[in-house]
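First the structure, in the form of structure tokens, and then the observations on it.
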Amino acid sequence: MYDLMRSFCPSIFSTTDPDLNKLRRRQLGNSYSLPSVRLYEDKVLKHGVLSLIKRWDTQIASPPNANSALVNFYYGFHGMAFDIIGVLGFGKSFEILTSGDSKIIDCISKSNMLSVVRSRLPFGIRLQRLFRDLYSSRQYLTNTVRNTIRRRKQENAEAAARSDSKHGNTNNDILQKFIDARDPLTGESLDTDSLESEAFVLLAGGTDTVSNTLSWAITCLLGCPEVYERLKRDIRTAFPDKSTVIRFDEAKAKLPYLTAVIHETMRLHPAVAGYIPRCVPEQGAHVLGGRYFLPKGTEIGISLFACNRNKAVWEHPTEFDPDRFMGPDAVNRFKDVLTFSSGVRICAGRFLAMAEMYTTLANLILRYDFEHPAGRETRLCNSVDIVRIGYNSVSISNPAELKLILSTHSFRKGPDYETVKFLPPSIFTTTDPELNKTRRRQLGNSYSLSSIRLYEDKILKHGVLSLMTSWDRCLESANSQKEALVNFYYSFHGMAFDIIGVLGFGKSFNILSTGDTTIIDLVRKTIVYGILNSVLPFSDYLVWILGDYIKARDELVKYSKETVYNRKLAARGMHIDILQRLVDAYDPLTKKTMDMDTLTTEVFFMLFASTDTTSNTLSWVVLHLLYNPEVYKRLKEDIRSAFPDKATVICYDMAKTRLPYLTAVIYESMRLHPAVSGYVPRRVPADGAHIMNGQYYIPPDATLCISLYACHRDKSVWVDSDKFDPERFMGPDADERIKDVLAFSSGVRICVGRFLALAEIYTTMANLILRYNFRLPDEAKAKYGSVDDIPSASLFTFTPRDPKTDCRIIISHAS
């Protein structure tokens, strides 16, 4: 990935070559050393916090302010960080704080976006016309870097040519140290290409990281008034003269609580929080105490956000508590905060970053009092009910808040649903509330509980009964062993598709009987296409890359259209299935029916919404039972006591009324592993929205991303929220508890096919456990301690990542 992000030759940051990294660190070590940072400090102060103070003083003195002003510290810190890098790395300040010209910041943002695009799309260089603005910004930065180095080298040459020594080189900055840098072992200097590369990295890597950390520090202080008051008291006691300019060494030596605040901020909000890739070496690697072996070439993504909140290391890890860095073991605690990385690739510029952070916070808090604007007071939300995940997106998980959002059409489905352009909007994809209401009136009868009861013979025949025939064949082929190894994940997927085939397409796909997974493969490719299209709306033009996926989509559309066409030609009254109900459907208010294109859309999306969701839910239920043997034992006893004749075919109503513990097991599994767990976007209405009891204001047209996985593990709602405990759904309040499980969504956009899904889940689990005994293969028992240890993935649905190995069980007939 680092290879793809480069604009110049490899730098100290982007190189993947260990020897080149060692060379660069020897050459550049003096440029970023603590003694060098002390030499730069006058410039850091002048163009950093003192320039920011001058700007804020001007704002306070300007009418109509009266000894106070409303300022945006985020933009203030960004301008300051760029001005500092300008004077140290480019020979002069960018003057953002004084002039307000943020062109260099805008170009860096676009250049960083281009790096991300090229790391995700290696062919992105072929799409320069589409990313013209990004490439233009990158070229502007490239020219700035090259002109700066050319100008400095010319100045040095002119100074050297003068005989008068007083005209010698007096530049004392990082740029000059780069030019003068030598490898102490070989004497090798940086050539022009390498100089340009390092200067570019300084601009991109030495700005946002510092300014964002400072912004988080102020945010955390405002959210914890007691911490802010203590820090303010400490600083103003140590430096009673408010005109004092506090330097880095003074702040570090005299303000230990400031050190604690900075490190606690960096722990909770590391500047680079998410994806730091490392490649496994040729010999592979054993990790986590030898529990896992990773083959060569595997990419390990390091998450500092998760690492810095590890419960095994940090007590109350989501709380902002600087006191954890006070006391005799503070130095050892600092070592657990990996914001600047660690080891051989530790951040070269960490001393410069720390100098900026210490001097900025110490001098600002010495001179100013901070408070939220009136009406916007808030405390930090330590339960992480809301997390910003993009420039215009936040993720929320608070259960009560989610129910309110889902209960109204005011929060429409997000713009991602609108990327499906090859078919008209369906009941699932439409973002139009009125169209959704119309579809629900038209389709309500197709998916109603009474209709599901009419379909149930087909659901049983092509579902669990067909699955049991398949498993019985496996047992028969096992001969005298009386046991067989089966993969329930693939069995459930084949079963779910066969059911939708017979109900929605007029005939079973016969996956369980023939093993032909063509339809599943087409659906998988179409899902991948849909996700890519939501990110890259021009996907249809990438035929040379995505041709196989586009072809799969077109085949499914064609098949859906032919299905509807053939059914319309068939005699009425011959079929009792969803397809016929769709063809016959009309709006009871307007009597309006669905045209050919609309019917095609609804049939098409039935393949996606009614297959993986059900089959993955069944897979998670089985996994929870296997890894919780006491629950499995009790459920088995309940089912076999209620239905002592193992030849009984248990239908949906029988299971639901006579097996309350099965209900508890199903809902507890859906709570911990909802079929759609992560990204459920909703659009904020035109007048914005105050959420979390008014704590947060979300602006118009922002995207609220609903995280059901986090919602279902909210500690304020669920005791021992990570524990698999079906008992929480037993007893007199069971029905109320079930309402807190939002696996089928809630409110005005609740899943229209939920009764079909539940019918499949209940009948499958009840009949399988009645007839078979399950056990894990011996090698699986030692592999994972719990279901949460099993690697999972969330593309469209939440699924085990490696079902081929992690979803195998040994079955035998119940005695």
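The first residue in the sequence is number 1, and the count goes up from there.
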Verdict with supporting geometry, I386 and I698, side-chain contact (heavy atoms from CB on, under 4.5 Å):
CA-CA 11 Å; I386 180 167; I698 311 297; 4.2 Å; yes

side-chain contact (heavy atoms from CB on, under 4.5 Å) for L364 and I53? Distances and angles first, verdict last.
CA-CA 7 Å; L364 291 183; I53 287 170; 3.8 Å; yes

Please determine, by modelled atom types, if [X] and [Y] share a side-chain donor-acceptor pair under 3.5 angstrom.
X	Y	answer
N143	Q139	yes
R24	N21	no
Y709	S397	no

Can we say [X] and [Y] salt-bridge, meaning some charged N sits less than 4.0 Å from an Asp/Glu carboxylate O?
X	Y	result
R333	D336	yes
E264	R267	yes
D416	R683	no

How close do [X] and [Y] get, heavy atom to heavy atom, and via which atoms?
X	Y	answer
T431	R412	O-CD, 3.2 Å
A362	L258	CB-CD2, 4.0 Å
S11	V201	OG-CG2, 3.1 Å
S31	I174	O-CG1, 4.1 Å
T703	P415	OG1-CD, 4.1 Å
F411	R682	O-CD, 3.4 Å

[Y] side chain reached by [X] side chain, heavy atoms, under 4.5 Å:
X	Y	answer
L352	V44	yes
C224	Y228	no
H269	C220	yes
F248	M354	yes
E401	L704	no
V394	Y696	no
Y140	K110	no
T98	R55	no

Centroid separation F334 to F325 less than 6.0 Å:
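Judged by ring-centre distance (under 6.0 Å), F334 and F325 do meet the cut-off.
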
Drop me the distance from [X]'s [atom1] to [Y]'s [atom2], to the nearest 0.5 angstrom.
X	Y	atom1	atom2	value
K43	L50	NZ	CG	15.0 Å
C705	I396	SG	CD1	9.0 Å
T144	I149	OG1	CD1	11.0 Å
N147	E196	CG	CD	9.5 Å
S51	K46	OG	NZ	9.5 Å
K22	L20	NZ	CG	11.5 Å

Between [X] (side chain) and [Y] (backbone), is there a donor-acceptor pair under 3.5 Å?
X	Y	result
R345	P18	no
S395	V387	no
S102	I105	no
S197	D193	no
T15	I12	no
S211	T207	yes
T219	S215	yes
D83	E95	yes
E282	K296	no

When you look at N30 and S33, which way does the side-chain contact (heavy atoms from CB on, under 4.5 Å) test go after all the steps?
CA-CA 5 Å; N30 185 45; S33 68; 3.8 Å; yes

Only one of T213, N212, I218, V210 passes side chain to side chain contact (heavy atoms under 4.5 Å, CB included) with F77; say which it is.
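So the option named by the test is I218.
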
Using the rule side-chain hydrogen bond (donor to acceptor under 3.5 Å, both in side chains), only one of D42, T359, N363 pairs with R247; which is it?
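Looking at D42, T359, N363, the match for R247 under the side-chain hydrogen bond (donor to acceptor under 3.5 Å, both in side chains) is D42.
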
Is it the case that atom [atom1] in [X] sees more than 12 heavy atoms from other parts of the structure closer than 6.0 Å?
X	atom1	result
F94	CZ	yes
W216	CH2	no
Y75	OH	no

Checking L338 now: which residues fulfil side-chain contact (heavy atoms from CB on, under 4.5 Å) with it, not counting sequence neighbours?
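Once residues adjacent in sequence are excluded, the partners of L338 under the side-chain contact (heavy atoms from CB on, under 4.5 Å) criterion are L304, C307, S342.
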
side-chain hydrogen bond (donor to acceptor under 3.5 Å, both in side chains) evaluation trace for N112 with S109:
CA-CA 5 Å; N112 290 342; S109 297; 5.8 Å; no

Salt bridge (Lys or Arg N to Asp or Glu O under 4.0 Å), that's the test. Do E41 and R38 meet it? Break it down for me.
CA-CA 5 Å; E41 189 167 16; R38 291 188 177 112; over 6 Å; no

side-chain contact (heavy atoms from CB on, under 4.5 Å) for F73 and T360? Distances and angles first, verdict last.
CA-CA 11 Å; F73 56 82; T360 299; over 6 Å; no

